[in-house]
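This report refers to the structure that appears directly beneath it.
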Amino acid sequence: MSAFSVLFRREMRLAMRQSADSFMVIGFFVIAVVLFPFGVGPEPNMLARIGPGVIWVAALLAAMLSMDRMFMGDYEDGSLELLVLSPVALELVVCVKVLTHWLTTGLPLILTAPLLFVMMNVPGEIWLVLLLTLVLGTPVLSLLGSVGAALTLGARRGGVLLSLLVLPLLIPVLIFAVGAGDAVLFGNGAKANLMLLGGMLLGALALTPWVTAHALREAVA
Amino acid sequence: MLHYFANPTRFQRLSRRVEPWLLAAMLVCFGAGLYFALFSSPVDYQQGHTVRIMYIHVPAAWMALFCYTAMAVSAAVALIWKHALADVAAKATAPIGAAFTFLALVTGSLWGKPMWGTWWVWDARLTSVLVLFFLYLGYMALRDAFDEPGRGARASAILVLVGFVNVPIIKFSVDWWNTLHQPSSVLRMDGPTIHPDMLTPLFLMAAAFQFYYFWLVLLRIRRELMVNRTRALRHRQASA
Amino acid sequence: MAVFSGRHIDCIRGERQVLSAAAFSLESGGALMLRGINGAGKSTMLRLMAGLMRPVSGVITWDGVDISDDPQEHNARLAYVGHADAVKPALSVLENVTFWSKLAGAGGMDASDALAALGIGHLTDLPARYLSAGQRRRVNLTRALTSGAELWLLDEPTTALDAATAEALTSLIERHLKSGGMAVVSTHAELGLAETGTLTLGGTA
Amino acid sequence: MENSNTIMSMTEHAGYVWPSYGIAALVLIGLVVLSLRAFRKSRDELERLEAQMPGKSDEA
């Protein structure tokens with residue numbers, strides 16, 4: 001069996017047996033979005049206007065919630081040292097971790113999003129584009145989050161610090177993702193925005209596993 | 001060469017000798033710069049007196065980028081060659097860079113209000129500089145978050161290098177996107193487009209900020225070296 | 001015949017000089033006991049040997065090649081058992097063990113046999129959250145048996161083990177040595193291994 | 001130099017220019033003061049320690 005599938009099965013098995021974590025992320029996502037109609041008033045046009053942005057910001061924060069646990073369990077029980085010492089490339093371990101994080105966080109967020117589109121009165125013609133931005137954008141969250149999670153291992157108040165470090169770096173993703181919806185509404189088409197998001201995903205995919213692996217080696221040294 | 005100055009005692013001696021000169025140069029540049037900036041420079045036909053804000057804003061923005069680049073280079077040297085002095089230099093630079101970034105943002109805002117009619121716009125330049133400010137803060141917070149200083153140093157060095165992608169974005173944001181912020185008018189291929197009388201105070205202030213940085217960073221590095229030395233002595237005390 | 005050795009090893013940990021000018025040499029079939037008081041640098045030495053940390057100065061070599069030249073290759077020949085047991089409470093005992101043996105590429109003892117050899121063969125299907133400290137320790141030690149690694153690095157392996165299991169461990173280490181393996185063991189207790197070298201640390205602490 | 005060019009005749013935007021220079025002065029001087037204070041504190045602590053541990057201070 002290849003190293004990838006060995007790692008992937010273990011991660012998924014662990015995630016499945018602690019699936020409450022995944023539901024908590026979704027719960028947070030829904031509640032955070034639902035607060036807005038109370039905060040800014042239930043006027044449908046207003047909600048439609050702010051809906052995409054609110055949903056994206058809530059998705060960002062929800063993804064952040066589970067981020068610090070990406071390596072924390074393995075760090076605390078000593079598994080991380082052994083993963084670093086295994087004959088498998090650490091970059092591959094990181095990729096598997098990011099993939100499972102996305103499958104247990106990003107994917108459920110995408111699946112829940114349409115429900116929130118309805119509740120926030122998001123116009124039907126931008127549903128597809130917004131879902132596409134989530135498909136392209138949430139993996140970037142997991143990838144950049146992995147860097148932050150690895151850097152803050154063993155830090156005091158690591159979870160808060162992680163958000164402080166990673167959220168500013170995610171601003172471009174947010175800008176272009178929400179901009180895609182607006183572009184469609186203004187009749188410009190979202191192609192440019194989606195291309196930029198795709199570029200960010202490819203760039204993050206190429207660089208972050210390497211940086212994260214380096215940070216993990218430092219964390220156990 | 002690098003290793004020659006890496007010796008803390010030698011570095012202390014050298015920087016003590018250089019510091020008064022830097023301080024003097026800084027004060028002279030500030031004096032002349034402020035005179036030109038406030039009294040002896042022409043009023044811009046479009047901006048009126050607000051052009052005087054530029055003599056702080058532009059050099060501060062340059063310094064914000066300069067400090068970050070210096071930090072990134074130091075961090076890379078510290079990571080690759082395990083160079084202790086480079087690491088200390090990165091640490092000493094961070095608050096100065098953060099201060100310049102803060103100044104660039106605040107003075108930009110004070111200029112924007114009368115000129116654009118708003119304190120803040122969410123365009124590419126302003127946003128990316130704001131991210132730069134957060135990166136400085138994040139660096140300092142991460143560096144401080146570990147009980148073992150070496151671990152904080154290495155983790156934050158990696159963060160600085162990751163955040164370096166932001167620097168070209170800031171530099172080219174005004175050329176890549178159409179925004180309210182005006183394109184660069186001093187550092188361009190075909191020569192500056194602003195009035196020469198305005199260049200004098202601009203460059204004097206930039207030089208003053210540069211000397212300010214070098215003077216202060218040497219002082220801060222010397223302080224960090226003393227802190228390291230103190231810690232080493234404390235460890236020796238504990239194990240004696 | 002492989003040779004694992006280190007020369008002039010200095011190591012600073014958390015700004016404290018833990019090791020200075022330490023040296024060792026080990027050949028196939030040999031074992032090395034690390035001794036010294038708490039804080040003398042036994043764990044640090046093992047982490048250096050594993051390649052988790054790099055010495056400030058000095059080199060650690062395998063057959064004359066610096067282990068940091070090709071960490072992946074070094075990882076493939078070593079099994080490290082540290083202080084933390086790396087046991088996932090949500091997985092069963094067998095799942096815990098097989099994950100690491102598959103990741104190591106196997107070649108060692110069968111997972112069930114290894115668990116039986118350490119006296120916890122009856123616990124294979126038990127979720128690891130029900131294990132006692134001693135049992136978790138044994139699960140951790142199983143990883144060395146199943147890895148098929150040439151070099152065992154064991155950090156206080158007898159902690160939380162009863163006398164009988166410690167004896168079983170000793171004979172397992174002896175079997176590993178007879179088949180041409182090497183072992184470096186840090187310990188306070190006497191393991192009763194025949195013909196071992198000893199490295200006493202703690203000159204500088 | 002004609003008078004209209006100098007800062008003294010600045011009326012319309014004085015409320016933006018002066019605060020810019022004021023804040024700049026505050027931040028830059030403030031950072032120097034903080035740095036100097038930290039410097040002195042560290043220096044005093046180190047000197048006290050080195051006085052306590054004589055003979056070991058020549059080692060860098």
Side-chain angles (χ1 to χ4, degrees), chain A residues 53 64 68 71 75 80 94 140 143-176 178-179 182 188 192-193 196 199-200 202-204 206-221, chain B residues 68 72 75-76 78-80 82 87 94 98 101 105 120-170 172-173 176-179:
Chain A
M64 275 298 128
D68 64 325
F71 303 109
Y75 178 73
L80 190 62
V94 171
V140 181
L143 284 164
L144 274 174
S146 78
V147 177
L151 287 178
T152 51
L153 279 178
R156 296 186 299 269
R157 311 193 60 66
V160 184
L161 187 58
L162 171 67
S163 310
L164 198 74
L165 301 183
V166 175
L167 285 176
L169 292 173
L170 290 173
I171 289 176
V173 176
L174 188 62
I175 292 174
F176 291 111
V178 178
D182 287 343
N188 295 329
N193 289 59
L196 272 164
M200 287 182 202
L202 290 178
L207 287 176
T208 51
W210 183 71
V211 176
T212 306
H214 190 87
L216 289 178
R217 284 194 194 98
E218 294 288 359
V220 296
Chain B
Y68 197 88
L79 272 185
I80 298 168
K82 313 269 175 228
D87 173 57
T101 315
L105 287 168
W120 185 265
V121 286
W122 288 101
D123 78 338
R125 172 58 69 86
L126 275 72
T127 309
S128 52
V129 173
L130 186 64
V131 170
L132 183 73
F133 186 59
F134 287 142
L135 281 170
Y136 277 119
L137 296 187
Y139 173 84
M140 292 189 274
L142 183 62
R143 179 139 196 151
D144 205 39
F146 295 91
D147 292 324
E148 195 221 316
R151 167 99 176 89
R154 290 188 300 270
S156 55
I158 296 174
L159 177 75
V160 172
L161 293 177
V162 171
F164 194 73
V165 291
N166 192 30
V167 169
I169 295 179
I170 295 175
F172 296 111
S173 54
W176 289 344
W177 290 283
N178 288 323
T179 65

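Each chain gets a letter, A, B and so on, in the order the sequences are listed, and its residues count up from 1.
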Value rounded to 0.5 Å, distance of [atom1] in [X] from [atom2] in [Y]:
X      : Y      : atom1 : atom2 : answer
B:D144 : A:R156 : CG    : CZ    : 6.0 Å
A:L167 : B:F134 : CG    : CZ    : 9.5 Å
B:L142 : A:L164 : CG    : CG    : 9.5 Å
B:R154 : A:R217 : CZ    : CZ    : 13.5 Å

Self-check item: Proximal component of A:A150, with respect to chain B [non-hydrogen, under 4.5 Å]
Solution: backbone
Self-check item: Part of A:L151 within contact of chain B (heavy atom distance under 4.5 Å)
Solution: both
[X] versus chain A, the contacting section by heavy-atom distance below 4.5 Å:
X      : result
B:L79  : side chain
B:L161 : neither
B:N166 : neither

Self-check item: Closest-packed option against chain A by number of heavy-atom pairs under 4.5 Å, given B:A155, B:S128, B:G138, B:G152
Solution: B:A155
Quiz item: Are side-chain heavy atoms of A:V211 and B:I158 found at a separation under 4.5 Å?
Solution: yes
Self-check item: Sub-4.5 Å side-chain heavy-atom contact between B:V162 and A:L207
Solution: no
Quiz item: Which of the residues A:L161, A:I175, A:T152 is involved in the greatest number of heavy-atom pairs with chain B at under 4.5 angstrom?
Solution: A:L161
Quiz prompt | Minimum heavy-atom distance B:R151-A:L153, with the two atoms named | solution = NH2-O, 2.7 Å
Exercise. Using a cut-off of 6.0 Å, state whether more than 12 heavy atoms not belonging to A:W210 lie near its atom CH2.
Key: no
